[in-house]
Amino acid sequence: MPFIYITRAVPDAATELLAKGLPDARVEINPHDRNLNRAELIEAAAGCDALICTLADPLDASLIEDLGPQLKVIATYAVGYNNIHLEAAKARGIAVCNTPDVLTDATAEVAVGLMIACARRFADGDRLTRSGGFTGWAPMLHRGHGVYGKTVGIVGAGRIGKRVAATMKHGFGCEILYFSREDHVDWENDLGAAKVELGELLQRSDFVSLHCPLTPDTRHLIDADMLKLMKPTSVLVNTARGPVVDEAALVAALKAGQIAGAGFDVYEHEPALAPGLAELDNVVLLPHIGSATHETRAEMGRMCARAVIAVLTGQEPQHRVI
Ligand code: DGY
């Protein structure tokens with residue numbers, strides 16, 4: 001009887017599919033409304049054949065080893081897998097699977113929403129209204145920057161970056177710049193986008209939206225020096241991974257007026273925020289909800305379940321990272 005451990009409660013769609021595909025399996029789910037610490041995770045999941053984890057579980061080499069030799073598949077409930085030691089999993093013959101594509105639209109919606117919310121100052125406008133500070137329409141009240149026709153710089157030319165670029169191009173008539181290691185002819189053909197170096201992208205863009213994975217190369221890709229290249233009227237949006245931005249440098253840049261605003265869904269030391277970030281008015285801060293729609297989260301659960309069923313029944317899983 002295979003043992004499947006799920007590190008956080010997930011939509012029923014996942015467990016329903018597991019029950020159909022592996023009727024004999026023992027499925028256990030973390031009963032707490034919080035992440036398990038290392039010791040708790042080992043105690044609960046050791047001996048499992050399959051682990052469905054989240055991006056908040058740091059699956060380093062020793063933790064993977066401690067979960068036991070029968071572990072055959074790690075299905076992460078995310079597209080990003082920077083929290084999993086891939087080499088350690090590979091060395092032990094463990095398949096690692098993720099949930100690409102299904103969260104592209106949902107995450108792109110959040111990135112676009114953050115651009116508009118920052119440019120038009122939604123969050124501090126909401127605070128003003130709730131606090132009774134709105135005393136009537138006035139020509140000078142709460143002006144922001146427009147979005148139509150502006151230049152949008154996309155860092156990372158994957159699926160989500162392209163969806164954001166297409167929305168800004170076709171919905172808002174924006175000019176699109178992108179930074180990527182590879183050339184993407186489709187970006188040029190479909191969106192009239194121009195590939196530029198990161199420095200040029202930061203200098204020219206009114207909105208910079210981050211969509212690269214977190215790797216050793218992209219950690220602190222946006223640091224104090226890079227922030228200095230941005231325009232004082234520009235907005236930085238991060239729906240990728242927190243450590244791509246040096247968050248202390250971001251706070252300093254926002255305080256100094258080096259950039260106009262920031263819309264963040266992810267944080268360097270998530271869930272903690274850099275000191276001073278939450279006190280700023282020119283930021284919109286979301287609790288890592290890029291993929292958090294009912295539809296997407298249900299499908300992410302099904303994808304994890306399908307990966308587990310495939311591996312435990314001797315088939316090739318569809319979205320295998322390694
Ligand atoms: C991911 O999938 O990597 C997102 O950050 C979580 O939805």
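Both counts, for ligands and for their atoms, begin at 1 and track the order of listing. Every value quoted in this text rests on a predicted model; they were computed, and no experiment measured them. What you see below is based on every heavy atom in this structure, not just the backbone, and it leaves out hydrogens, waters and symmetry mates.
The list of salt bridge (charged side-chain N to carboxylate O under 4.0 Å, His left out) pairs with a residue in residues 268-281, not counting sequence neighbours, reads R127-D281. Applying the salt bridge (charged side-chain N to carboxylate O under 4.0 Å, His left out) definition to pairs two or more places apart or across chains, those involving residues 228-237 are D206-K231, D225-K228.
When each of V237, V245, L221 is checked for a side chain to side chain contact (heavy atoms under 4.5 Å, CB included) with L210, only V245 meets the rule. For the side chain to side chain donor-acceptor pair (under 3.5 Å) test with R8, the passing option among D33, T54, D57 is D33; the others fail.
Ionic pairing of E40 and R34 is present here: one or more N-O contacts between side-chain nitrogen and carboxylate oxygen are shorter than 4.0 angstrom.
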What does the N/O contact table under 3.5 Å look like for ligand 1?
from	atom 1	to	atom 2	distance (Å)
ligand 1	2 (O)	V79	N	2.6
ligand 1	3 (O)	V79	N	3.4
ligand 1	3 (O)	G80	N	2.9
ligand 1	3 (O)	R241	NH1	3.3
ligand 1	3 (O)	R241	NH2	2.6
ligand 1	5 (O)	R241	NH1	2.7
ligand 1	5 (O)	H288	NE2	2.7
ligand 1	7 (O)	S291	OG	2.5

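Listed by chain and number, the residues in a side-chain hydrogen bond (donor to acceptor under 3.5 Å, both in side chains) with E175 are T151, R204 (sequence neighbours excluded).
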